[in-house]
Protein chains: 2
Amino acid sequence: MEITIDIESATPLFSQLVMQIKQAVERGLIQPGDPLPSIRQLANDLDMNNKTVAKAYRLLERDSVIVTKGYRGTFIHPEAKNNCTVDLNAWVRKELTQTIQSFKEAGVTDSEIRIAFADVLNQNSGV
Amino acid sequence: MEITIDIESATPLFSQLVMQIKQAVERGLIQPGDPLPSIRQLANDLDMNNKTVAKAYRLLERDSVIVTKGYRGTFIHPEAKNNCTVDLNAWVRKELTQTIQSFKEAGVTDSEIRIAFADVLNQNSGV
DNA sequence: AGTTGTACCATTAGTACACACGGTACATAT
DNA sequence: ATATGTACCGTGTGTACTAATGGTACAACT
């Protein structure tokens, strides 16, 4: 599996990693059940921090594209091929677009929306 | 009509103005049809910038608590008493709370929500 | 002993925005 | 002339977030 990370790119490193692994799954370059390099290993190979790779892995597992089995390592999820096309972010954006649209129609200012949003997100983080 | 602005307060100046005018309407201290001081006049009296007062007036008109009649000045809206109890921000926050809650239940990260939100809000601003 | 994922402490640079301020200008009316 | 609301150019300060980095430590297993 070949992974190319562009330090110069505007897209975050962890995001590039996520996309590339998803693409590799889609193209069948890696199959369900295949093992992935360990976080430390991959971080070393790509010359980036452990945390950054860990972040990418965390998101990939959230999307059920990979499965981490603790000390046994990380593997491609059985249903990876289906799950990596499901774009959670697209759904979030669609929902938000609707909600924000209704706000604007009611005359709510952009900055009012932003402030309310920040409030809500911070309040719920403690719950 | 007495307005007291607290420079030290954490709540923004324009917000204090909005609240105080709404309260004055609720308590009947100012009646529908009554004229309000001009933006420049009030800014001078309260020792704040024209823009800040204008911002408060703009929001009050958005909420149909006041009516600006151009060169003829600004007046209390006929339906002011009903409209000033309607809290647009409260509605916005309630809606956002629901939406964000559903995102979190789907496992979406706070920062992902923030990014999607910023994207959507900026895209729609051009529409 | 060495490796797995994960959690915690932290810092740095960059970006984006809110708020308030200042000045200037406009059309419309008295 | 003077006043109305409104719109545009801008500045400065403070806050808050992202992304990425570093180090240390843990339980569980080979």
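Just the heavy atoms: all of them, side chains too, but no hydrogens, waters or symmetry mates, feed the values below. Proteins get letters first, then strands, A, B, ... in listed order; numbering begins at 1 in each.
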Take A:Ser15 and B:Gly73, find for each the nucleotide of DNA chain D with the closest heavy atom, and name the residue whose nucleotide sits nearer the 5' end. B:Gly73
Which residue pairs satisfy the ring pair (Phe, Tyr, Trp, His ring centres under 6.0 Å) criterion with at least one member in residues 37-77 of chain B, sequence neighbours excluded? none
Can you list the residues that meet the side chain to side chain contact (heavy atoms under 4.5 Å, CB included) rule with B:Ala116, with sequence neighbours excluded? A:Val92, A:Arg93, A:Leu96
Any side-chain heavy atom of B:Arg62 within less than 4.5 Å of one from A:Thr109? yes
Are more than 12 heavy atoms from other residues, nucleotides or ligands located less than 6.0 Å from atom CG of B:Asp47? no
Measuring only between side-chain heavy atoms, which start at C-beta, is B:Lys55 closer than 4.5 Å to B:Leu13? no
Check each residue of residues 52-64 of chain B for a non-hydrogen atom within less than 4.0 Å of any atom in DNA chain C, then write out the ones that pass by number, or none. B:Thr52, B:Lys55
Whole angstrom is fine here: how far is it from CZ in A:Arg114 over to C1' in C:dT15? 13 Å
Heavy atoms of B:Gln31 and B:Gly28 approach each other most closely as NE2-O, 2.9 Å
For atom CZ of B:Phe14 and atom P of C:dA20, their distance in whole Å: 6 Å
Using only side-chain N and O atoms of A:Thr68, determine if any of them is under 4.0 Å from OP1 or OP2 of C:dT6. yes
Write down the distance between CG (B:Asn122) and P (C:dT15), rounded to a whole number of angstrom. 16 Å
List the atom of A:Asp63, the atom of A:Asn83, and the distance in Å for their closest heavy-atom pair. O-CB, 3.4 Å
Would you call A:Val67 and A:Thr74 a side-chain contact if the rule is heavy atoms closer than 4.5 Å? no
Ring pair (Phe, Tyr, Trp, His ring centres under 6.0 Å): which pairs involve residues 98-122 of chain B, sequence neighbours left out? A:Trp91-B:Phe103, A:Phe117-B:Phe117
What is the distance from CG of A:Asp110 to P of C:dC19, rounded to the nearest Å? 13 Å
Give the rounded distance in Å between these two atoms: CZ of A:Phe117 and P of C:dA18. 13 Å
Interatomic distance where CD1 belongs to B:Ile39 and P belongs to C:dC21 [whole Å]: 14 Å
Under 4.0 Å from a heavy atom of chain A: give me the 5'-most and 3'-most nucleotides of DNA chain D that qualify. D:dC17 to D:dC29
With side chains defined as the heavy atoms from C-beta onward, is the minimum distance between B:Lys22 and B:Glu26 less than 4.5 Å? no
Return the polar atom pairs (N/O with N/O) between nucleotides 22-27 of chain C and the protein under 3.5 Å, or none.
unit_1	atom_1	unit_2	atom_2	d
C:dG22	OP2	B:Asn49	ND2	3.1
C:dG22	O6	B:Lys51	NZ	2.2
C:dG23	O6	B:Lys51	NZ	2.9
C:dA25	N6	B:Arg40	NH2	3.3

Would a 4.5 Å heavy-atom cut-off, applied to side chains only, mark B:Leu17 and B:Leu46 as touching? yes
Let me know, please, whether A:Arg72 or A:Asp47 comes out on the 5' side of the other along DNA chain D by nearest nucleotide. A:Asp47
I need the CG-P distance between A:Leu42 and C:dT4, as an integer number of Å. 11 Å
A:Ala80 and A:Val25: which non-hydrogen atoms are nearest, and at how many Å? CB-CG1, 3.8 Å
Atom CD1 of A:Ile7 to atom P of C:dA13: distance rounded to whole Å? 18 Å
A:Thr74 side-chain N/O to C:dT4 phosphate OP1/OP2 under 4.0 Å: no
